[in-house]
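Only this structure's heavy atoms are used, side chains among them; waters, hydrogens and symmetry mates stay out. These numbers come from a predicted model, not from an experiment.
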Amino acid sequence: MPWDEFDEYLDNHYHMTCQMDDVVCWYCGDVEKTRLAEKHGCARIDWGTNRVWDRWEMEFDVYAPSGFFNYGHPLADLDKEMLDKWNPPSLDDMDNLFGFAMEEKEQYGEEYLVFVNGYCGIFERAFNLVGFEDFMALLVTEPDLACALMEKITDYKVEIARECIRRGFPMAHHGDDLGTQITTFLSVPMFQKLIKPHLKRLFAVYKDAGLPIQMHTCGNVTDYIPDLIDIGLDVLEPVQACMDFQFLQREYGKDLCFYGGIDTQQLLTFEKPEKVYDETLRVIDTLGKDGGLIIAPSQELMPNVPVENIIAMLNAINCAKGRD
């Protein structure tokens with residue numbers, strides 16, 4: 001089935017694109033897109049080792065089978081002198097950075113909601129540059145240094161946000177993984193002091209322009225939701241099975257649109273199609289009780305998800321549409 005027919009079957013109207021600096025990590029493993037990024041000066045490929053670097057000097061496998069893994073930490077052992085000399089990639093040529101995104105907007109914009117993704121955001125970019133364990137330690141031992149790095153990353157993100165607005169993209173997107181499957185990476189007070197101010201500064205650019213904001217953050221981030229709503233969040237992506245769906249809908253359904261809900265870690269991967277079908281309907285009835293649900297898997301579908309379970313999920317979604 002061609003992609004356009006598949007989208008029509010799904011009643012899908014989302015189309016996510018990206019600016020060139022994000023092609024390498026967003027399309028990790030897509031050789032054609034990696035070559036495109038290289039052509040635009042936003043990637044450096046070593047075909048001898050099959051490794052590729054983006055303009056942040058993050059390093060990936062050219063032929064990554066699936067998922068996201070960064071080998072490169074250019075700001076490892078970060079100190080003040082190193083940070084003073086370091087700056088994010090240049091934004092002098094926005095036409096080059098946004099050429100691919102604008103082509104997709106032109107191609108899909110009439111039928112789809114086309115938006116520029118903001119994955120690998122502020123917190124996530126910082127810990128990728130430094131190394132996760134070391135950056136988490138910096139947040140405790142040298143919070144001013146950690147925040148100064150995030151401030152520089154936020155400066156870059158703010159300019160990208162302004163360009164998205166200037167070029168007419170109708171929705172904002174940001175991505176920062178903030179949680180594990182059990183709880184958040186940081187306590188609420190630490191989040192409020194160290195992370196929230198940077199997100200607030202970025203979100204304000206979009207909110208001042210009247211754009212809704214969708215944020216990707218994996219894990220159980222329930223404790224952060226009031227703060228995320230406070231700074232303007234509209235769509236929470238994804239909602240995963242580690243969260244209490246009834247609580248989310250009851251407490252935050254009036255403020256948020258939920259995205260996801262269909263578990264990929266256990267349900268879609270290991271259960272029978274009949275259970276997938278029933279659980280999909282339960283998720284729709286719970287999270288979508290008063291509307292405000294974009295039904296989808298809670299993460300990308302990995303190769304070990306049986307086709308029969310995907311079909312069962314889609315059949316349940318179409319059944320739910322027929323009940324409306």
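Listed by first then second residue, pairs satisfying salt bridge (Lys or Arg N to Asp or Glu O under 4.0 Å) with a partner in residues 40-52 read Arg44-Glu57, Arg51-Glu59, Arg51-Asp61, not counting sequence neighbours. The stretch residues 141-150 participates, sequence neighbours left out, in no side-chain hydrogen bond (donor to acceptor under 3.5 Å, both in side chains) pair at all. Among residues at least two apart or in separate chains, side-chain hydrogen bond (donor to acceptor under 3.5 Å, both in side chains) pairs with a member in residues 201-217 are Tyr14-Gln214, Glu151-Arg201, Asp155-Arg201, Asp177-His216, Lys207-Asp234, Gln214-Glu237, His216-Glu237. Sorted by first and then second residue, the ring pair (Phe, Tyr, Trp, His ring centres under 6.0 Å) pairs with a member in residues 271-292 form an empty list; sequence neighbours excluded. Judged as a side-chain hydrogen bond (donor to acceptor under 3.5 Å, both in side chains), the pairs with a partner in residues 243-256 (not counting sequence neighbours) are, in order, Gln249-Asp290. Counting only residues at least two apart or on different chains, the salt bridge (Lys or Arg N to Asp or Glu O under 4.0 Å) pairs with a member in residues 86-102 are Asp95-Arg167.
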### Query
Could you go step by step and tell me if Leu293 and Cys257 meet the side chain to side chain contact (heavy atoms under 4.5 Å, CB included) rule?
CA-CA 6 Å; Leu293 171 64; Cys257 175; 5.9 Å; no
### Task
Would you please test Gln265 and Gln181 for side chain to side chain contact (heavy atoms under 4.5 Å, CB included) and show each step?
CA-CA 11 Å; Gln265 292 167 289; Gln181 293 298 290; 3.0 Å; yes
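Checked by atom type, the side-chain pair Ser298/Gln240 shows no donor-acceptor distance below 3.5 Å. For Asn96 and His40, the side-chain atoms include at least one donor-acceptor pair closer than 3.5 Å.
Around atom CD of Gln266, more than 12 heavy atoms belonging to other residues, nucleotides or ligands sit under 6.0 Å away. With a 6.0 Å radius and a threshold of 12 heavy atoms from other residues, nucleotides or ligands, Asp84 has its CG atom above the threshold. Atom CD of Gln192 has more than 12 heavy atoms from other residues, nucleotides or ligands within 6.0 Å.
At a threshold of 4.5 Å between non-hydrogen side-chain atoms, the residues Thr264 and Glu300 do not count as touching.
Under a 4.5 Å side-chain heavy-atom cut-off, the cluster of Ile, Leu, Val, Met, Phe, Trp and Tyr residues that includes Tyr71 is completed by Phe69. Its side chain within the 4.5 Å cluster rule, Ile311 clusters with Val307 among the Ile, Leu, Val, Met, Phe, Trp and Tyr residues.
Residues that satisfy the ring-ring contact (aromatic ring centres under 6.0 Å, His included) test with Phe169, not counting sequence neighbours, are absent from this structure. Tyr224 meets the ring-ring contact (aromatic ring centres under 6.0 Å, His included) test with Phe191; sequence neighbours excluded. Listed by chain and number, the residues in a ring-ring contact (aromatic ring centres under 6.0 Å, His included) with Tyr156 are Trp56 (sequence neighbours excluded). His15 pairs by the ring-ring contact (aromatic ring centres under 6.0 Å, His included) definition with Tyr108, not counting sequence neighbours.
The aromatic rings of Phe132 and Phe127 sit perpendicular to each other, their planes meeting at more than 60°, with 30° as the lower class boundary.
Contact check on Glu32 versus Arg35 returns no salt bridge, with no Lys/Arg side-chain nitrogen under 4.0 Å from an Asp/Glu carboxylate oxygen. Contact check on Lys200 versus Asp227 returns no salt bridge, with no Lys/Arg side-chain nitrogen under 4.0 Å from an Asp/Glu carboxylate oxygen. Between Asp22 and Arg125 there is a salt bridge, since a side-chain N of the basic residue sits under 4.0 Å from a carboxylate O of the acidic one.
Minimum heavy-atom separation, Gly219 to Cys242: C-SG, 3.8 Å. Annotation for Leu268 and Met313: closest pair CD1-SD, 4.1 Å, computed over non-hydrogen atoms. When all heavy atoms of Arg55 and Ser90 are compared, the closest pair comes out as NH2-O, 2.7 Å. Closest non-hydrogen pair, Val24 versus Cys42, comes out as CG2-O, 4.0 Å. Closest heavy-atom contact between Val23 and Lys33: CG1-O, 3.3 Å.
Clustering ILVMFWY residues whenever any of their side-chain heavy atoms sit less than 4.5 angstrom apart, transitively, puts Val188 in a cluster other than the one holding Ile182.
Separation of the Tyr119 and His174 ring centroids does not fall under the 6.0 Å cut-off.
A distance-only check finds a donor-acceptor pair linking the side chain of His73 to the backbone of Asn128 [under 3.5 Å].
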